[in-house]
Amino acid sequence: MKLCDRYVSRRQFLETAGIAVAACAVCRDILATESADATLHEADFYEKLAGGSVRCRLCPWQCTVPDGKRGRCRVRENRSGKYYSLVWGRPCLTHNDPIEKKPFFHVYPGTRAFSIATVGCNIECKFCQNWDISQASPEDVSAPFKSPEEIVRLALAQKVKTIAYTYSEPVVFTEYILDCAKAAKEAGLGNVIVSNGFLNEKPLKEWCSVATAIKIDFKGFSQKFYEETCAGQLQPVLDTLKRLAGSGVWFEIVVLIIPPLNDDLDEIKRMTAWIVKDLGPNVPLHFTRFHPDYKLRNLPPTPINTLIKARQIAMDQGCNFVYVGNMPGVEGENTYCPKCKAAVVKRYGMGVLSNDLKNGKCPGCGTAIPGVWV
Ligand code: SF4
């Protein structure tokens, strides 16, 4: 912008012109755009290509992005050959939740998680309950700047145990997670990540270096379902789950059962057999109830019997901790000792009714119950 004989920024122009910017919506928009630019954050996990393009290495799509364009997730942009996260420091949602809502059942039961999300996702599930932010672009949703230190301050003020990166898809705001999580750890807070697991090995390792626990939404056990219902791919998620099993970081799995799309009992049998064989019998597995949403409003909620059968199949295959979610009042909400079968943590919905664990062990027979308890 030219003022007299010199070029000035939009902010300088407005200040020089003496315009009452605080009262003017147009000026506020201009300044907001400028301050968004000021907080642009160079992305991790990309490489520069010839001709000004970049290749994103964050998730398995590995988007090749020409100058001036964005990746498939809409929140990462090539500007003159440099790749930027458009959502670093831009949470569109913050909320204080019970950790059971994520759900984590073996991580600090009965505590709260300060939960944050930015817009964006790298897949598109037709049943997404947060589609208004996961399928949005940064321009679509208000997201005032919050530094990682501000996030930690807010979390501490609310006396939570952890910060949860959740709601939309944390993969696409990885750089922000890593910075918030490091600050959170220094302040004595834990970090939990709720993800679709559709990310590459290197960023997953970075997550593991800061995460207390990771929850993976395992959409189903068929490439067809991933492709047709989620615009995703199965194999990279299987790879992530196997990497997590070898990482030492606590993780839990959620499977949302959506009749008639992924409720085939033989498929659930094969999936749970794979979990036991490749991930181990102690990974908590949550079967949760579908509620009609987004592009699948035509389908009915999951019948309770389907969830109960799925749970039984998983236990028959050798899974030690199988839960039923979005269905308060059923037996599958409690944690049972795999040896003496005592109910060691009792729950109702997202609330913990009682936690009898003694130093992570069954109070009756002394069996260690795996998890992050204190
Ligand atoms: S994170 Fe986004 S830009 Fe990067 S590869 Fe995945 S979809 Fe593409």
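Start at 1 and go down the list; that is how both ligands and their atoms are numbered. The figures that follow rest on heavy atoms only: side chains count, while hydrogens, waters and symmetry mates do not.
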Using a 4.0 Å heavy-atom cut-off, which part of Tyr83 comes near ligand 1: side chain, backbone, both, or neither?
side chain

Numbering as shown, the atoms of ligand 1 that approach Gln62 to under 4.0 Å (heavy-atom distance)
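The atoms of ligand 1 under 4.0 Å from a heavy atom of Gln62 are 5 (S).
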
Evaluate the ring planes of Tyr226 and Phe218, with Trp represented by its six-membered ring, and classify them as parallel (under 30°), tilted (30 to 60°) or perpendicular (over 60°).
tilted

Parallel, tilted or perpendicular: rings of Phe105 and His286 (30°, 60°)
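His286 and Phe105: perpendicular rings.
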
Distance filter under 2.8 Å, centred on atom 2 (Fe) of ligand 1 - protein N, O or S atoms that pass it
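Per the 2.8 Å query on atom 2 (Fe) of ligand 1, atoms found are Cys73 SG.
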
Does either side chain, that of [X] or that of [Y], offer a donor lying less than 3.5 Å from an acceptor on the other one?
{"X": "Asn96", "Y": "Gln158", "result": "yes"}
{"X": "Asn320", "Y": "Asn282", "result": "yes"}
{"X": "Gln129", "Y": "Asp293", "result": "no"}

Is the terminal nitrogen or CZ of Lys102 (NZ for Lys, CZ for Arg) located under 6.0 angstrom from the six-membered ring centre of Tyr167 and within 45° of that ring's axis?
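Yes, Lys102 lies over the aromatic ring of Tyr167.
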
Given the side-chain rings of His41 and Tyr84, with only the six-membered ring counted for Trp, is the space between their centroids under 6.0 Å?
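Not close enough - the centres of the two rings lie 6.0 Å or further apart.
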
